Amino acid sequence: QAFAQGSAKFAGAESCKACHEDASASYAKSVHGNKAVPGSSANRGGCESCHGAAAVHVEKSGEKVPGMVSFGNRKVDAKLKDASCLSCHEASKTLAFWKMGKHKSVGCDSCHSVHQSGKKNLKASEPELCYTCHKDIRSQVNKKSHHPIKEGKVSCSDCHDSHGTFGKKLVKADTNNELCYKCHSEKRGPYMFEHLPVEENCLNCHTPHGSNQAKLLSKKTPQLCQACHDWTRHPGGAYTSYETFKGATPSKQLTARDCMNCHSNIHGSNGPSTKGLRFVR
Amino acid sequence: AEEKKLEGEVTISGESTNISGNRASLNEYRDLRDGFYGDVNLRYNSAGYFLNFEGTDIGRNTQSYHLDGGKWGQFKYFVDYDQIKHNFTFDARTFYTGVGTDRLTYTGVVPVGGAAAGAFTPSATIFDYASERKRLGAGFNLDLAKPFFLDVSVSREEKKGLKPTAAGALTGGGYGLELPEPLDYRTDVLKLEMGYATKAFFASASLYYSEFRNEIEKLYHRNPAYANTAASAVPDVITLPPDNSHYKFSLKGAATLPLNSRFNANLGFSKTKSEADLLNYISANVAGGWSAITLSDPKFNGELDSQNYDFVLTSNPVSSLDAKVFYKYYKKSNKSDEITTTDGASVFKNHLFDYNKENIGASFGLKLPGHLKLTPAYSYLKVKRERGDFPENVDHTYSADLKWDGVEFLTAKAGYERLNRTGDWKQIILAIPGVGNVNQNTANFVEPYVRRFDVAPMNRDTYQVSFDLYPTDNLNIGIGYRNKRTDFKDTILGLREDKSDEINFDIDYTVGSFAKFSAYYDYEKTKSFQFQRRLNASPITAAQGNPDGGILTANFYNWNLEQSFTTDSFGFGADFFVVPKKLTLTFRYDSVKSDGLADYNLQWLLAGQTQDNIDMSNWEDYRKQVFQAKAVYDATKSLALTLGYAYERYEYSDALYDGYKYIATSSTGTVNNYLTGA
């Protein structure tokens, strides 16, 4: 092997270790440094299989030289760094669609450290790792109503595939509803009486990362419902402070679960007659 | 010689808690209580084989276990188990017995309404609204015959508990009746994928099969309004989610092309089926407590099919151009039974909703001089649906992202997106037009002004800018701002405007080997404006329905509402390495606070009302504060001792819940709700 023999181009792993002692030690403990792993860099030329040929770098007493890749350096082109990773990992179902995803512009080393021995070599655990860039999502997840993301029971990667998908927002499904139904299979129906916006897109009413409203609703009820169902009698009523528990005329259309005090089956119903049609049974 | 290595950590924790107030809110997804629990993390490696075991929260109702192993490059397997607790409300109450079963009943008499109900003091069943998911899964990946691969996994999840449901009575003028709905779900999933993966070519075929079973598909209950005097009378019924099965077959592929291009395809076909026995009666306020209905078929067979086609071409022919062109087609076909229901004079069929979407678009990443990268993009989306008001929408989305990293210590990004949604409104035709077409006439007088926000024509602008600064290796600062504004331009009745502003900031700083500091601040302000009309009669005339028709009475008037929410969250923390690799002290404080306002404006005010005293200032107001302190002492190489303290405080106030009453009566003594505390 030209890599290990310290040819004119390659310096050999021992040369690297002489200066980069800590990096060599962490690398040796990692999956990449494990010779029992077929195809690992330990079997393919060690450090230089990822960082590039280092002979000139050694000859010039550690000077930066063209052609070598420094991971973890923001200023190095992501494509250059990724090319090193993809040379081994592209031939997998995980990275088959990498080039379609937006993350190709940030680079593998933004999330992974090749010298780590933790889970998937991630630099931090989810969701903190994702918050590094997606700060607005951190803000959403902190809200009162949220999936148990902070509590460690749902992770970003349960719904999103950071390595590229056909779905929008790197979602792991062809539609939003298909994704939601994977955990909320009871909502799939199919129902005799369907609520059309529900059938088309759960996100018409819900926001998945966090909300100030219960049940991850994007707006507060009953006003969310009224925005579509302005009609004669009670749907078009202006339910103000007078209709609260403390008001002069408490109304079931406003207090507690408001519309859902009667319209309980808003995701769909097989109820009888018009009661099913109106989602009250 | 073979190198075998076992390493890991075992943690045993003792916890003493003192919880006062609303325990369900503090414990929403947790199981905080006095006692001991544990965590285990073990890793074993031996000549190409590996085995990992991880257990967390062992001994609690939030415990999870994960075991995985295999031989590198040949096969992998896993078995896992997870429990998720979701607490909604503790100590809820109802006058029913049989909570948790499919039959709720009561003894004695529960007043139908009026003053008698106001004085009614039922004996109560106390229960918790909470659910628990228990999921067991296993899987196997085979890479032995690379580049061919095979992945198989199965899982079973059971979900049990109680959630609130309701059965209103006596039509819209009656009362709401809140009931505990039993959850007894089981979902079995099988995933199978096999394929071929090389750098140049990828192909896979996969099957996803999911079967949902609900042990309780109907909730029978004695409704005070119907069959009031006889517990044995035909009970009222709420239908619950039916059993269903869903399978999806997918083919995915990718091929590398010349000019550093790649073609990707995804073809998917799915079918979802359900079956439900339909009720041939409805509870009603008649002497018998129910009235018969006639159905063209007593059994409903639900069937939804979907087709999905994605084609994506990516190309990076020169380093300065990174292009992507895509096409997506999705179609949902509704093949469910169309059943004719005859209920007295009303004869109607269930509506079979289906839709299809076509989306085509492109983006071009352009490297410009001066370390600039510009990515303009365009997307065209056409939706056709079986829906009366907007059978078709077209979305044009234009966007541009700009990134600059011209200096060592800064990356700056700016983005803009414009969405134009168009669509032609149509008059809806009601399923039940009413005697003499009276309901349809009403629809004809109201609907021309209504634009439902999910399909309404609109313009949306989104601006965002962010800066990531890293002036030194040990200091990182991130700042972001986003402004989003949606204008539902054709809407008269409904949601007209939606806007939000967001600011995000974070910083982390490391002081040598002595300390690490971090902090964040997130701010969001949202505002929405909706315009509505009170129409307190049925049927109505064209003039009464017209918001500009000049009719202004207590029964016919316009009103509008501006809702605003200001939410900010911040946190800061520090790790002090008091004795490096020996003693670490950690402190952390987090706070999240939201302040909402419902600002009403009514064209007609009742006696005593003013434009100010009808507003609601406690509108989903809440604040949560968490303080944590921890000391970790590494006593030996293999023993660490941790002592921690956490304080949490949660405050909540909302006009819809303040002054909560299980039986609420109006000033006229009319019963509005029989509630349970959900």
Side-chain angles (χ1 to χ4, degrees), chain A residues 36-38 90-93 96-97 99-100 135-136 139 142 144 148 151 153 166 174 185-186 188-190 192-194 196-197 199-200 204 212 223 226-228 230 232-234 236-238 240-241 244-246 248-252 255-256 260-262 264 269-273 275 280-281, chain B residues 29 48 72-73 84 165-166 168 172 176 187 197-199 202 212 238-239 241 244 254 262 266 268 274 276 279 282 293 300 302 304 308 310 312 314 336 343 350 353 452 454 493-495 504 522 530 532 534-535 538 559 565 569 592 594 600 614 616 620 622 655 659 661 664 666-667 672-673:
Chain A
V37 179
E90 195 176 16
S92 69
K93 81 166 191 180
F97 304 111
K99 288 178 178 168
M100 294 196 307
K135 302 177 204 306
D136 54 326
S139 162
N142 273 335
K144 184 189 78 169
E151 291 79 3
K153 290 297 183 182
F166 290 88
D174 292 337
S185 51
E186 78 278 11
R188 272 198 299 241
M192 180 172 167
F193 299 109
E194 296 175 307
L196 309 192
E199 291 301 315
E200 192 169 320
N204 279 327
N212 286 327
Q223 293 81 12
Q226 290 184 292
C228 290
D230 205 337
T232 60
R233 303 292 192 193
H234 72 266
T240 68
S241 63
T244 61
F245 284 121
K246 289 181 170 177
T249 53
S251 163
K252 68 174 180 293
T255 53
M260 278 80 73
N261 286 330
C262 297
S264 52
S269 172
N270 289 327
S273 190
K275 293 194 174 183
V280 294
R281 291 295 187 280
Chain B
Y29 292 115
W72 293 110
I84 302 179
T165 187
T187 305
T198 64
K199 284 183 199 175
F202 174 84
F212 168 77
I238 298 170
T239 60
N244 67 56
R262 196 162 166 95
N266 171 36
S274 69
L279 290 163
I282 55 168
I293 55 176
F300 171 73
L304 299 173
N308 182 78
D310 285 292
V312 181
T314 61
S336 299
D343 178 7
N350 50 309
F353 173 71
R452 295 176 175 85
D454 61 321
L493 298 180
L495 184 66
N504 308 106
D522 298 319
Q530 63 190 98
Q532 313 279 172
R534 168 79 161 144
L535 299 162
S538 185
W559 58 274
F565 295 92
S569 57
V592 55
S594 185
Y600 278 89
I614 56 174
M616 288 177 268
E620 295 288 3
Y622 64 90
K661 291 172 185 164
S666 70
S667 56
N672 293 299
N673 277 319

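Note that these values count all heavy atoms, side chains included, but never hydrogens, waters or copies made by symmetry. This is a predicted model, so every value here is computed, not measured.
Heavy-atom distances place the side chain of A:E194, and not its backbone, under 4.5 Å from chain B. Contact annotation for A:V280: only backbone heavy atoms (N, CA, C, O) come within less than 4.5 Å of a heavy atom of chain B. With a 4.5 angstrom heavy-atom cutoff, A:M192 touches chain B via backbone and side-chain atoms both. At a 4.5 Å heavy-atom cutoff, the contact between B:F212 and chain A is made by backbone and side-chain atoms alike. Contacts of A:E151 with chain B are made by side-chain atoms alone, with heavy-atom separations under 4.5 Å and no backbone atom involved. If you measure heavy-atom distances from B:T165 to chain A, the contacts under 4.5 Å come from both the backbone and the side chain. Interface residue A:K135: backbone and side-chain heavy atoms are both found under 4.5 Å from chain B.
Side-chain atoms of A:E199 never come within 3.5 Å of backbone atoms of B:F353 as a donor-acceptor pair (strictly under, hydrogens ignored). At least one donor-acceptor pair under 3.5 Å links the side chain of B:N244 to the backbone N or O of A:S185. A donor-acceptor pair is defined here as one N or O able to donate and one able to accept, closer than 3.5 Å; no such pair exists between the side chain of A:T232 and the backbone of B:L535. With hydrogens and angles disregarded, a donor-acceptor distance shorter than 3.5 Å links the side chain of B:S274 to the backbone of A:P190. A donor-acceptor pair under 3.5 Å is formed between the side chain of B:Y622 and the backbone N or O of A:K144. With hydrogens and angles disregarded, a donor-acceptor distance shorter than 3.5 Å links the side chain of B:R262 to the backbone of A:A96. Between the side chain of B:Q530 and the backbone N or O of A:Q223, at least one donor-acceptor pair lies under 3.5 Å.
Across all their heavy atoms, B:I614 and A:T240 have their closest contact at O-CB, 3.3 Å. Contact record, A:K93 with B:A197: N-CB, 4.2 Å, taken as the closest heavy-atom pair. Of all the heavy atoms in A:C262 and B:G176, the pair that sits closest is SG-CA, 3.8 Å. Closest approach of B:I238 to A:S264, counting heavy atoms only: CG2-OG, 4.3 Å. Pairing each heavy atom of B:I84 with each of A:P148, the nearest pair is CG2-CG, 4.4 Å. Between B:G168 and A:R281, the shortest heavy-atom contact is O-NH2, 2.9 Å.
Every side-chain contact (heavy atoms from CB on, under 4.5 Å) that A:A36 has, sequence neighbours left out, goes to A:N34.
Most heavy-atom pairs under 4.5 Å with chain A: of the set B:D454, B:T187, B:L493, this distinction falls to B:D454. When each of A:T244, A:V37, A:D174, A:D136 is checked for heavy-atom pairs under 4.5 Å with chain B, A:D174 comes out on top. Listed options A:G189, A:G237, A:A256, A:P38 were ranked by heavy-atom pairs under 4.5 angstrom with chain B; first place goes to A:A256. Highest contact tally toward chain A, considering only B:N350, B:D310, B:T239, is held by B:T239 [criterion: heavy-atom pairs under 4.5 Å]. In terms of heavy-atom pairs under 4.5 angstrom with chain A, the leader among B:V312, B:N308, B:T314 is B:N308. Options B:V592, B:L304, B:L279 differ in how many heavy-atom pairs under 4.5 Å they form with chain A, and the most are formed by B:L304. Ranking B:G73, B:S538, B:G268 against chain A, the residue ahead of the rest is B:S538, based on heavy-atom pairs under 4.5 Å.
In this structure, OG1 in A:T255 is found 4.5 Å from CG in B:N673, a value given to the nearest 0.5 Å.
Side chain to side chain, A:S273 and B:D343 meet the donor-acceptor criterion of an N or O pair below 3.5 Å.
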Item to check | Pair A:K153-B:Y29, side-chain contact (heavy atoms from CB on, under 4.5 Å): steps then yes or no | outcome: CA-CA 9 Å; A:K153 290 297 183 182; B:Y29 292 115; 5.8 Å; no
